[in-house]
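For clarity, every value in this text was computed on a predicted model and none was experimentally measured.
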Amino acid sequence: MASETSNDCMTENTKDSVVPAVQMTDELYVDSSAASTVLDINGHVYNETSEAKPQEEFKLSKRQQKLLLKRQQWLENKADRRVLQKMKRKQKRREKLECGKDTGPSRKKLKSNTMKNSLCKIRVAIDCSFDDLMADKDINKLGQQLQFCYSSNRRAKEPLQLYLTSINGKTKDRLDRVGDYRGWDIQTDSKSYREIFVKNEIVYLTSDSPNVLQSLTPDKVYVIGGLVDHNHHKSLCYNLAVENEMSHAQLPIGDYIQLSSRKVLTVNHVFEILLRYTETESWKEAFFQVIPKRKQITDSCAAGTNASASNEIVSGDGVAYVCNDGNKAS
């Protein structure tokens, strides 16, 4: 009896001593059945539906704070920058008029200079389906290159029929931030170019193709890959064309400039080369007008003379360009 009594006392004492520990445990670690209650990594308990996370989780680093402050200042000064840019454009226009230089088409001329009224019916589509392969900064660069394409097309004597396809995701968000892209004289679509055009009309332009483009015809659609990847995805557009059994070709750059590196140009450079070709009907003139001067064939190279003792001139980007006669040119 005595032992039973002592055991009972011990059991009761044990229960009394255990209960507070269990209660504390319940306070510190939330039962898994309570789906709306969460314990974070810092040991803070909060309710997902009613309580916000502790402030410590949302602390920004000093670098993040500086970037945020810089972004806020940039937004605050945006209107002033626009005014300053407008004044600069007017000043440049006045200076050109005083010197008798061509100031380009007037606004009135630009309004009537549309794709619909253009005599040029060559179709060019930019494939913007590579969002998942680009970082945010590259998406921004692509957006800027698309703006350059539109700007050069709008000011051309006979604009090309320009299409932007697969406008979704980050690229669409970037263009939405431009503000007025919906008013551009351009065909935009969320669908893929394969859904818009007939398969046998498509010619995908890629520097990896063994086929060389000789001319442009209205019965074809020339697709440019809207990808800014810094050579991280080599042969991507070529493989895409082969897998989908589409025609593909490269620009005839090798007939005029032989690059020691891959013949890769920006989206707007490729588009503008096509645009200039429709104006001049000469690939050579188109390349000369668009490709940066440091990459063009020089007069000495064209004449077959050596530019230096080693027949080599290295361009500003460290790449040597070779002429067809074997001489290298910057």
What residue pairs, at least two apart or across chains, pass ring pair (Phe, Tyr, Trp, His ring centres under 6.0 Å) with a residue in residues 122-170?
Tyr150-Trp184, Tyr163-Phe197
Taking only residues two or more places apart in sequence, or in another chain, which ones meet Lys172 in a salt bridge (charged side-chain N to carboxylate O under 4.0 Å, His left out)?
Asp176
Those residues that, when tested against Ser129, pass side chain to side chain contact (heavy atoms under 4.5 Å, CB included) (two or more places apart):
Asp127, Ser166
Whether Asn153 side chain and Cys149 backbone form a donor-acceptor pair below 3.5 Å:
no
Spell out, as yes or no, whether a donor-acceptor pair under 3.5 Å connects the side chain of Asp219 to the backbone of Glu201.
no
Sorted by chain and number, sequence neighbours left out, salt bridge (charged side-chain N to carboxylate O under 4.0 Å, His left out) with Glu279 holds for Arg276
Starting from Trp74 and following side-chain heavy-atom contacts under 4.5 Å between hydrophobic residues (I, L, V, M, F, W, Y), which residues can be reached?
Leu75
Please tabulate, for the side chains in residues 82-91, all donor-acceptor contacts under 3.5 angstrom to protein atoms that are two or more places apart in sequence or on a different chain.
residue	atom	partner	partner atom	Å
Gln91	OE1	Arg94	NH2	2.7
Gln91	NE2	Glu95	OE2	3.2

Residues 132-142 vs salt bridge (charged side-chain N to carboxylate O under 4.0 Å, His left out), sequence neighbours excluded, gives Asp136-Lys170
Any chance you could measure Ile196, atom CD1, to Arg123, atom CZ, to the nearest 0.5 Å?
11.0 Å
Do Ser247 and Tyr204 pass the side chain to side chain contact (heavy atoms under 4.5 Å, CB included) test, and can you show the C-alpha distance, the side-chain angles, and the key distance before you say yes or no?
CA-CA 6 Å; Ser247 298; Tyr204 213 114; over 6 Å; no
Given side chains that start at C-beta, do those of Ser282 and Phe287 come closer than 4.5 Å, heavy atoms only?
no
Over all atoms of both residues, closest heavy-atom pair of Gly226 and Val267
CA-CG2, 4.0 Å
Mind checking side-chain hydrogen bond (donor to acceptor under 3.5 Å, both in side chains) for Thr188 and listing every partner two or more places apart, or none if nothing turns up?
none
Determine whether Leu60 and Leu68 satisfy the following criterion, side chain to side chain contact (heavy atoms under 4.5 Å, CB included), listing intermediate values before the conclusion.
CA-CA 10 Å; Leu60 299 175; Leu68 182 61; 4.0 Å; yes
For Glu281, which residues count as a side chain to side chain contact (heavy atoms under 4.5 Å, CB included) partner, sequence neighbours excluded?
none
Measuring only between side-chain heavy atoms, which start at C-beta, is Asn140 closer than 4.5 Å to Arg174?
yes
Look only at the side chain of Glu285 and the backbone of Tyr277, and say whether a donor-acceptor pair between them is shorter than 3.5 Å.
no
Do Leu216 and Leu160 share a hydrophobic cluster (ILVMFWY, side-chain heavy atoms under 4.5 Å, transitive)?
yes
Do Leu67 and Ile139 share a hydrophobic cluster (ILVMFWY, side-chain heavy atoms under 4.5 Å, transitive)?
no
If we ignore angles and hydrogens, is there a donor and acceptor under 3.5 Å between the side chains of Thr165 and Asp189?
no
Whether the side chain of Gln250 engages the backbone of Val212 through a donor-acceptor N/O pair (distance < 3.5 Å, no angle test) should be reported.
no
Are the ring centres of Tyr256 and Trp283 closer than 6.0 Å?
no
Pairs meeting criterion side chain to side chain donor-acceptor pair (under 3.5 Å) with involvement of residues 190-199, two or more places apart:
Arg194-Asn244
Output for pair (Leu227 CG, Leu240 CG), nearest 0.5 Å, gives 10.5 Å
Using the side chain to side chain contact (heavy atoms under 4.5 Å, CB included) criterion, which residues pair with Thr114? Sequence neighbours excluded.
Lys116, Asn117, Asp185
Main-chain N/O of His248 paired with Tyr238 side-chain donor or acceptor, under 3.5 Å:
no
Side chain to side chain contact (heavy atoms under 4.5 Å, CB included), that's the test. Do Leu236 and Asp208 meet it? Break it down for me.
CA-CA 9 Å; Leu236 176 66; Asp208 299 296; over 6 Å; no
Tell me the side chain to side chain donor-acceptor pair (under 3.5 Å) pairs involving residues 63-73, sequence neighbours left out?
Ser61-Gln64
If you round to the nearest 0.5 Å, how far is CG of Leu162 from CD1 of Ile122?
13.0 Å
Tell me, do Leu205 and Val223 make a side-chain contact under 4.5 Å, heavy atoms counted?
no
Common cluster, Val242/Ile202, ILVMFWY with side-chain heavy-atom separation under 4.5 Å:
no
Is a donor on one side and an acceptor on the other found under 3.5 Å between the side chain of Glu158 and the backbone of Leu119?
yes
When every non-hydrogen atom of Gln187 is compared with those of Met115, the smallest separation belongs to N-CE, 4.0 Å
Working for side chain to side chain contact (heavy atoms under 4.5 Å, CB included), residues Leu251 and Leu274:
CA-CA 9 Å; Leu251 297 177; Leu274 299 179; 3.9 Å; yes
Has the side chain of Ser209 got a donor or acceptor atom that lies under 3.5 Å from a matching backbone atom of Thr206?
no
